[in-house]
Structure formats: C-alpha cells, structure tokens
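Comments concern the structure below.
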There are 2 protein chains.
Amino acid sequence: MGEGAKPAHAAPQPAREEWRSISDLAQEFGVTARTLRFYEDEGLLRPVRRGTTRLYSRADRARLAWILRGRNVGFSLADIRELLDLYAPGPGRRTQLKAALAKSRERIAALEAQKADIEATIAELEQFCRRLEAEQARLAPGPAAAAGET
Amino acid sequence: MGEGAKPAHAAPQPAREEWRSISDLAQEFGVTARTLRFYEDEGLLRPVRRGTTRLYSRADRARLAWILRGRNVGFSLADIRELLDLYAPGPGRRTQLKAALAKSRERIAALEAQKADIEATIAELEQFCRRLEAEQARLAPGPAAAAGET
DNA sequence: CTTGACCTTTACGTGAGCGTCAATCCCCGA
DNA sequence: TCGGGGATTGACGCTCACGTAAAGGTCAAG
C-alpha cells in the first residue's frame, strides 16, 4: 500500500471524498464524458464545479452506478430520473407516499416479469448450447477421424 | 366449443394451423400491425401470403413470442435476428458450431449479469417500499388522528 | 511564450424502433 | 352497386441516447 507521499497529520475528515474529473469517472465506469454531461443535462447527476470544471464526489459515483444499473435493466433515462427523484427527499405527504409506493410496486412487478423472461431465455439458450455440444461431439469422433488432431 | 359450422369430414391435418391476419396477431400480442410489418422488413418474420395479404401460422406466432421476449430482455432487433438465424438451420460446419456456441455463451453470461442487476434493483425497491410503509404508519396513527377514517 | 493535455459549451448528426399519414386495392354484405 | 372495413406499399416524422465536430478557456511543462 502507501500510494504516494502524504502530509504527516493526515485524515481529519472521516470520508476522504476523492474527487474525480469527468474523464476519470468516465473511464472508471466504462462510459464517455459525453454520456456524463448528457446525464447532467437530463438532471441525473449534479457534480460540483471548481470554476467551470466538474468534480464528482463519492455520492455522485454511487448515483452513477445506480443509473447505469437502471440503464442495464432497461429503464429509460426518464424512468431513472423519476426513481432517483422518488428516492431522494422523503416525501412528507400521505398522497405522495401512496403514489411513490404504487410506482415502486409497479416497477417491481415489471422487473419480476422481466426476470422471468430472462430466465426463460437463458434456459432456451442453454438447451441450445447442449444441442450444439451434442452436434459437435457427433462430428468430431464420427467420420473415422478424417482431419488430423496432430 | 363448436364455433361456427364445420364441414362434416373435418380434421385431416394434425395441427389445424389457425391462420391469423395481421391485425388479429397484433391484437393478440399487444403490438401494432406496423410493428409486425417492420419486423418482417427486418427479416424477423416471414408470414405466407394469400395474394398480397399476410397470413401468420402457429410457427410465426411462436417466433413472434420469442422476438417479443427478446425485446423485453433488452435485445436489439439485430441481436434477435442473429439469435433466430443461429437457431434455425443446424449449422453443419465445426467452425460455425464453435462460433454459435461462443455467441450463445456470451449472451448467457450477459443475461446472468443483467439478472443480477434486476435482482439488486428489486431488492432496493423493496427496501424503499418498506421505508415508505413505515413512514406511512408513522403518519397515520401518530398526530392524534386528525383526518377521519370513518 | 508556446505547446499540449485537458476542460468547457453549442450544435448538428445518427441509428434504432417504431408512429403516422397518404394513396391504393380488394372483398363482402345491404 | 356502392359503401365500408381492413389489407397493402411507400414515405416522412419523431423520440431516445448518445456521437461527433467546432471553437474556445486554462493550466503546467518545456
């Protein structure tokens, strides 16, 4: 360990924040800087600025991870924004609570269905793989070993 | 049973095929006719024609179900076409077998990852729901029962 | 001071996946 | 016979999620 020189009296803050530039963050998450700026325009991220330059905190990174997971499960960016907004400020009013609860449950139901579809697709692909393997085995030792295996 | 008049000497074919028009099929699967024509243009479906009119067989319906499931798990139409093409003609050559196997396994791996993301998202949403329910319970019986529950 | 590596904004381009006319055709029952 | 309802093929439009210049600011090293 011990990457680089540190000032002797270190660590006043409990969490060291470790800010990232946009290109660092992009590389870290396997996206482009364009994508991060786009997400900011869409209201999904709000990095702080030093001058005009964006700086991403740990919270921003966690948020980005959430966003990318949402994207990977098929959420639109609007969906993701809605869920993040839902998540963020514990909504005080009861009607809002009910609405948030309903939306969350809808999402959950849709995700369960999607999960079922994924499992079905995996099952079919695996069966297909087994068929291919059988075919492969049928071809290799079958025709009296025509081509040489050295 | 007994929908409509049938000729007396019925059922020579084992499978009755039950052809569908494009709008019937669309309604049955909850898509539009436009979508079905588009999928045909993209090489995903090949219904037979009576004159110029499309007629969809049971096989077409099964294929469509596969397509829609693929779409629902996030496959692009190009992905779906590739998988269907892979599926269809048992490719004879060993190199093709190996390639098909590799692609299938890649897909499976991606789907497993996606499934994990979905499960994680479901878990978070469920936890969020529990928080909302707790909040709800904290508001209802708390402030001396202001609004009446009859 | 210049160069180069970053950062910024603005803005137009792109591919996927359909939606939406428009014009035409064909068949079927009143 | 004449609508009317559904089928067809274009062809253009639109949204989403970015890609891709273009044109410029800033900072450190050489």
Side-chain angles (χ1 to χ4, degrees), chain A residues 4 18-57 60-61 63-85 110 114 117, chain B residues 4-5 18-57 60-61 63-85 107 110 114 117:
Chain A
E18 300 164 8
W19 302 90
R20 309 284 163 104
S21 75
I22 191 169
S23 51
D24 287 353
L25 191 67
Q27 188 174 4
E28 184 175 341
F29 282 85
V31 298
T32 70
R34 173 68 174 101
T35 298
L36 297 180
R37 295 197 190 97
F38 181 69
Y39 288 173
E40 187 173 349
D41 286 347
E42 295 296 302
L44 302 181
L45 289 173
R46 291 199 181 287
V48 302
R49 304 254 178 159
R50 186 184 48 193
T52 70
T53 298
R54 294 166 176 82
L55 286 180
Y56 295 87
S57 69
D60 290 327
R61 272 173 275 159
R63 201 174 168 87
L64 178 57
W66 214 99
I67 293 169
L68 295 181
R69 228 172 39 194
R71 183 180 75 167
N72 196 35
V73 309
F75 289 168
S76 73
L77 297 189
D79 290 340
I80 295 173
R81 182 180 39 209
E82 186 187 318
L83 285 171
L84 286 176
D85 290 358
Q114 194 181 342
D117 280 357
Chain B
E18 299 165 8
W19 303 90
R20 309 285 163 106
S21 75
I22 191 169
S23 51
D24 287 352
L25 191 68
Q27 190 175 3
E28 184 175 340
F29 281 86
V31 298
T32 69
R34 173 70 174 97
T35 298
L36 297 179
R37 296 197 188 99
F38 181 69
Y39 287 173
E40 187 174 348
D41 287 347
E42 295 295 300
L44 301 181
L45 290 173
R46 290 200 182 287
V48 300
R49 302 255 178 159
R50 185 183 49 191
T52 71
T53 298
R54 294 168 176 82
L55 285 180
Y56 295 88
S57 69
D60 290 328
R61 273 172 275 159
R63 201 174 168 88
L64 178 57
W66 213 99
I67 292 169
L68 294 181
R69 228 172 40 193
R71 182 181 73 168
N72 197 34
V73 309
F75 289 167
S76 73
L77 297 190
D79 291 341
I80 294 174
R81 183 179 39 210
E82 185 187 319
L83 286 171
L84 286 176
D85 290 357
R107 295 289 180 189
Q114 194 180 343
D117 279 356

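- If you take CG on Leu77(A) and CG on Asp41(A), they are separated by 11.5 Å, rounding to the nearest 0.5 Å.
- Side-chain N or O atoms of Arg46(B) include none that pairs as donor or acceptor with a backbone N or O of Glu40(B) at under 3.5 Å.
- Rounded to an integer number of Å, the gap from CZ of Arg20(B) to P of dG6(D) is 17 Å.
- Spacing between atom CZ of Arg54(A) and atom P of dG25(D) amounts to 17 Å, rounded to whole angstrom units.
- Within residues 70-83 of chain B, the residues that have a heavy atom under 4.0 Å from DNA chain C are, in order of number, Arg71(B), Ser76(B), Leu77(B).
- Separating the CG atom of Leu44(B) from the P atom of dA16(C) is a distance of 13 Å, rounded to the nearest angstrom.
- In terms of phosphate contacts, Ser21(A) brings a side-chain nitrogen or oxygen within less than 4.0 Å of OP1 or OP2 of dC7(C).
- The nearest whole Å value for the distance from the CG atom in Asp41(B) to the P atom in dT9(D) is 8 Å.
- Under 4.0 Å is where a charged nitrogen must lie from a carboxylate oxygen, and between Arg107(B) and Asp79(B) at least one such pair does.
- Counting heavy atoms of neighbouring residues, nucleotides and ligands inside a 6.0 Å radius, atom CZ of Arg49(A) exceeds 12 of them.
- Near-neighbour residues of DNA chain C inside residues 24-39 of chain A, defined by a heavy atom below 4.0 Å, number-ordered: Arg34(A), Arg37(A).
- By the neighbour-count criterion of 12 heavy atoms within 6.0 Å, atom CD of Glu28(A) is densely surrounded, having more than that number from other residues, nucleotides or ligands.
- The shortest distance between side-chain heavy atoms of Asp85(B) and Glu82(B) does not fall below 4.5 Å.
- Between Glu40(A) atom CD and dT8(C) atom C1' the separation is 11 Å, expressed in whole Å.
- As a whole-Å value, the separation of Glu42(A) CD from dC16(D) P is 8 Å.
- The phosphate of dA7(D) (OP1 or OP2) has a side-chain N or O of Ser23(B) nearer than 4.0 angstrom.
- Tested against Trp19(B) for a side chain to side chain contact (heavy atoms under 4.5 Å, CB included), the candidates Leu55(B), Leu25(B), Asp24(B) yield a single pass: Leu55(B).
- Counting non-hydrogen atoms of neighbouring residues, nucleotides and ligands closer than 6.0 angstrom, the CD atom of Glu42(B) exceeds 12 such neighbours.
- Arg50(B) comes within 4.0 angstrom of no nucleic acid atom, judged by non-hydrogen atoms across all strands.
- The backbone N or O of Val73(B) lies less than 3.5 Å from a partner atom in the side chain of Gln114(B), making a donor-acceptor pair.
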